[in-house]
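Note sheet for the following structure.
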Amino acid sequence: MQILYKSTRGKGEAVTASQAILQGLSKDGGLYVPTQIPSLDVPVEKLSQMSYQEVAYEVLSRFLTDYTEEELKHCINCAYDSKFDVKEIAPLTRADGAYFLELYHGATIAFKDMALSILPHLLTTAAKKNQVKNEIVILTATSGDTGKAAMAGFADVPGTKIIVFYPKNGVSAIQEKQMVTQKGKNTYVVSINGNFDDAQTAVKKMFNDSEMKAELDQAGYQFSSANSINIGRLVPQVAYYVYAYASMVGSGAIRDGEKINIVVPTGNFGNILAALYAKLMGIPVNKLICASNENKVLYDFFADGTYDRRREFVLTSSPSMDILISSNLERLIYRIAGNDPLKCAELMNSLSVNGSYTITEDMKAGLADFCGYYCSEEDTAQAIADTWNHSRYLIDTHTAVAAGAYRKYVKDTRDETPTVIASTASPYKFGRSVMSALGLNCEAKDDFTIVDEMTAFSGVPVPKAVEEIRTAPVLHDTVVDVPDMPDAVRKILMK
């Protein structure tokens with residue numbers, strides 16, 4: 001069965017998976033969604049005996065139907081290899097009453113590695129399949145993790161360049177050091193005087209700027225995206241939820257067919273949307289718990305059906321979630337609008353023009369799979385301390401938002417369904433906040449001293465990704481104002 005992809009805003013014909021991955025964003029500004037969610041017609045018992053790579057193939061082959069078996073297996077094997085520091089790729093650890101799905105064992109110790117290690121291979125394969133002659137320019141905005149993971153994936157990949165924008169003073173010190181020390185002749189990092197939403201909005205405008213596209217085409221370039229607006233990012237994320245469920249069945253933690261809850265710390269909504277797609281494929285999921293930090297625009301949306309970005313932007317200890325415009329929510333809006341592109345476009349236009357939209361009562365009924373919770377900064381620190389004190393298990397600030405949200409959910413519902421918490425980053429990426437939550441004074445210490453103290457405290461070795469940037473030279477130091485972002489791109493490409 002061939003799966004095609006259509007824009008959430010409805011203009012244009014359906015395209016193949018490889019065409020959707022190449023374009024990243026539809027020409028009408030919409031996001032590509034599959035015309036139907038394929039069923040996972042493989043018994044869980046069989047999946048439970050498979051490696052991560054084999055499960056990934058079963059999932060990706062159902063969605064990316066114009067890729068051959070040979071092409072997909074090549075992409076998967078290039079992605080999920082020794083770059084990951086554990087054989088399981090995404091292991092599950094039982095701690096404090098839940099199962100933590102560790103998605104941070106890749107090259108940049110964050111969950112973005114799970115998809116961004118394979119996207120370059122999917123993209124370059126798509127370029128060959130579609131006879132693309134231009135050099136592909138990956139243009140992306142990051143709230144902290146996507147940028148480094150994308151650069152690590154695309155560094156020195158032939159036929160590509162990657163330009164990453166990030167908010168100056170809006171990411172952790174370790175996140176920034178990871179980005180500005182990135183090697184690769186085709187990698188470029190630019191910080192902006194603004195926040196993530198400013199960067200993301202400007203990147204979307206460049207994608208939709210027909211004059212800029214023509215200018216780049218003349219110079220032999222075309223844009224594509226590594227953000228989760230690209231369906232080539234979203235589909236690989238579905239695989240780890242399928243793998244988690246199969247692993248739980250395989251270990252005897254649950255029975256085949258028994259439902260689980262999934263808790264996801266989310267800002268841009270892609271990671272939890274992937275969990276919904278896993279459910280729609282056939283994985284037995286009870287509730288999808290959307291965990292927000294103090295930028296709780298998604299929590300408010302699930303509470304009352306109104307999405308309103310007109311609020312103070314809060315800088316938190318979980319910076320990858322400091323987002324007020326959750327781009328991937330558009331895919332869910334399209335779905336609960338009955339796949340009506342006109343309704344979806346109307347709501348997205350309202351968000352752009354007025355800063356908010358409200359869904360209908362019928363659409364609210366489509367949110368039954370979800371519930372929202374949020375954690376304050378105090379809640380987040382408490383979740384880190386509690387998880388360590390109860391289980392001697394160290395979690396980062398983003399995972400702590402999910403752990404804290406889960407505690408609130410259980411207190412409210414008394415639901416004892418086995419639960420998977422998406423653990424999205426290594427605690428070493430946010431060492432200052434983690435160690436402060438554990439009661440240690442970090443004020444006068446540099447970040448690498450804190451890293452060393454964390455190792456001594458927890459017994460967990462310093463990840464290679466952190467160790468290698470300790471003395472790495474800064475290679476990228478450009479800072480621009482938001483209106484100057486297009487000129488920064490031109491300067492990089494036209495030099």
Side-chain angles (χ1 to χ4, degrees), residues 1-8 12-28 30-36 38 53 56-81 112-140 146 149-163 184 186-187 203 206-208 213 216-217 220-239 270 274 277 328 331:
M1 178 180 68
Q2 187 180 31
I3 301 292
L4 296 175
Y5 291 80
K6 293 189 72 173
S7 168
T8 51
E13 297 297 316
V15 299
T16 65
S18 64
Q19 290 168 334
I21 288 170
L22 268 176
Q23 290 183 43
L25 192 68
S26 174
K27 292 175 183 177
D28 58 16
L31 278 59
Y32 282 113
V33 288
T35 50
Q36 63 186 104
Q53 293 85 345
Y57 174 75
E58 296 298 339
V59 173
L60 269 62
S61 63
R62 302 309 191 275
F63 278 100
L64 310 181
T65 54
D66 67 324
Y67 286 76
T68 67
E69 178 178 351
E70 182 183 4
E71 287 169 340
L72 272 184
K73 287 185 173 177
H74 172 74
C75 291
I76 288 166
N77 291 332
C78 286
Y80 305 115
D81 58 8
K112 305 293 174 73
D113 289 322
M114 299 298 296
L116 284 167
S117 59
I118 192 169
L119 182 61
H121 304 288
L122 293 174
L123 192 58
T124 51
T125 301
K128 291 175 188 172
K129 293 173 78 67
N130 291 276
Q131 290 82 51
V132 170
K133 298 293 188 286
N134 284 344
E135 189 163 5
I136 296 166
V137 178
I138 303 299
L139 188 65
T140 197
T146 288
M151 286 189 290
F154 281 94
D156 293 323
V157 170
T160 70
K161 282 185 168 64
I162 178 164
I163 305 170
N186 64 337
T187 64
V203 164
M206 282 187 269
F207 268 96
N208 293 320
K213 280 184 183 177
L216 291 177
D217 184 60
Y221 297 112
Q222 69 184 63
F223 284 147
S224 190
S225 171
N227 280 89
S228 55
I229 56 175
N230 193 316
I231 197 70
R233 269 278 306 275
L234 187 61
V235 169
Q237 292 178 270
V238 178
Y277 279 18
N328 262 289
R331 287 183 164 113

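One is the number of the first residue; the rest follow in order along the sequence.
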D28 meets the salt bridge (charged side-chain N to carboxylate O under 4.0 Å, His left out) criterion, sequence neighbours left out, with none
Taken to the nearest 0.5 Å, the spacing of D81 CG from I76 CD1 works out to 12.5 Å
So T125 and C75, do their side chains get closer than 4.5 Å, heavy atoms only?
yes
**Study point:** E13/K6 ion pair, N-O < 4.0 Å
**Key:** no
Measuring only between side-chain heavy atoms, which start at C-beta, is K213 closer than 4.5 Å to M206?
no
Taken to the nearest 0.5 Å, the spacing of S224 OG from L123 CG works out to 4.5 Å
Between the OG atom in S228 and the CD atom in Q237, the distance rounded to the nearest 0.5 Å is 6.5 Å
Of all heavy-atom pairs linking P236 and I118, the shortest is CG-CG2, 3.6 Å
(Q) Looking at G232, is its backbone amide N or carbonyl O close enough to the side chain of N230 to form a donor-acceptor pair, meaning the two atoms are under 3.5 Å apart? (A) yes
Assess whether side chain to side chain contact (heavy atoms under 4.5 Å, CB included) is satisfied between L234 and I229, documenting all intermediate values.
CA-CA 8 Å; L234 187 61; I229 56 175; over 6 Å; no
Minimal heavy-atom distance between N186 and T160, with the atoms involved, is ND2-O, 3.1 Å
Heavy-atom closest pair (A79 atom, S117 atom, distance to 0.1 Å) is CB-O, 3.4 Å
Sorted by chain and residue number, the side-chain contact (heavy atoms from CB on, under 4.5 Å) partners of T16 (sequence neighbours excluded) come out as Q2, L4, S18, Q19, D66
Sequence neighbours excluded, the answer for side-chain contact (heavy atoms from CB on, under 4.5 Å) partners of P34 is I3, Y5, I37, F63, I231, Y277
Indicate yes or no for a side-chain donor-acceptor contact from Q131 to the backbone of K129 under 3.5 Å, with no hydrogens or angles considered.
yes
Contacts of T140 meeting side chain to side chain donor-acceptor pair (under 3.5 Å) (sequence neighbours excluded), chain-then-number -> N227
Those residues at least two apart in sequence (or on a different chain) that pass salt bridge (charged side-chain N to carboxylate O under 4.0 Å, His left out) with E69 are K73
Between R233 (side chain) and A115 (backbone), is there a donor-acceptor pair under 3.5 Å?
no
Sorted by chain and number, sequence neighbours left out, ring-ring contact (aromatic ring centres under 6.0 Å, His included) with F223 holds for F207
Output for pair (L216 CG, E135 CD), nearest 0.5 Å, gives 11.5 Å
On a heavy-atom basis, the closest approach of L116 and A149 is CD1-CB, 3.5 Å
To the nearest 0.5 Å, atom OH of Y221 lies from atom CG of D217 at 12.5 Å
task: Using distance alone, with no hydrogens and no angle criterion, decide if N328 and R331 have a side-chain donor and acceptor under 3.5 Å apart.
output: yes
For the pair Q23 and Q222, evaluate side chain to side chain contact (heavy atoms under 4.5 Å, CB included) and give the outcome as yes or no after the intermediate values. CA-CA 9 Å; Q23 290 183 43; Q222 69 184 63; over 6 Å; no
Taking the side chain as every heavy atom from C-beta outward, state whether L119 and I21 have any atom pair closer than 4.5 Å.
yes
dist Q53:CD -> L72:CG (nearest 0.5 Å) comes out at 14.0 Å
Smallest heavy-atom separation, I136 atom then A127 atom, equals CD1-CB, 3.8 Å
* Asked: If we only count heavy atoms from C-beta on, is the D113 to Y80 side-chain gap below 4.5 Å?
  -> no
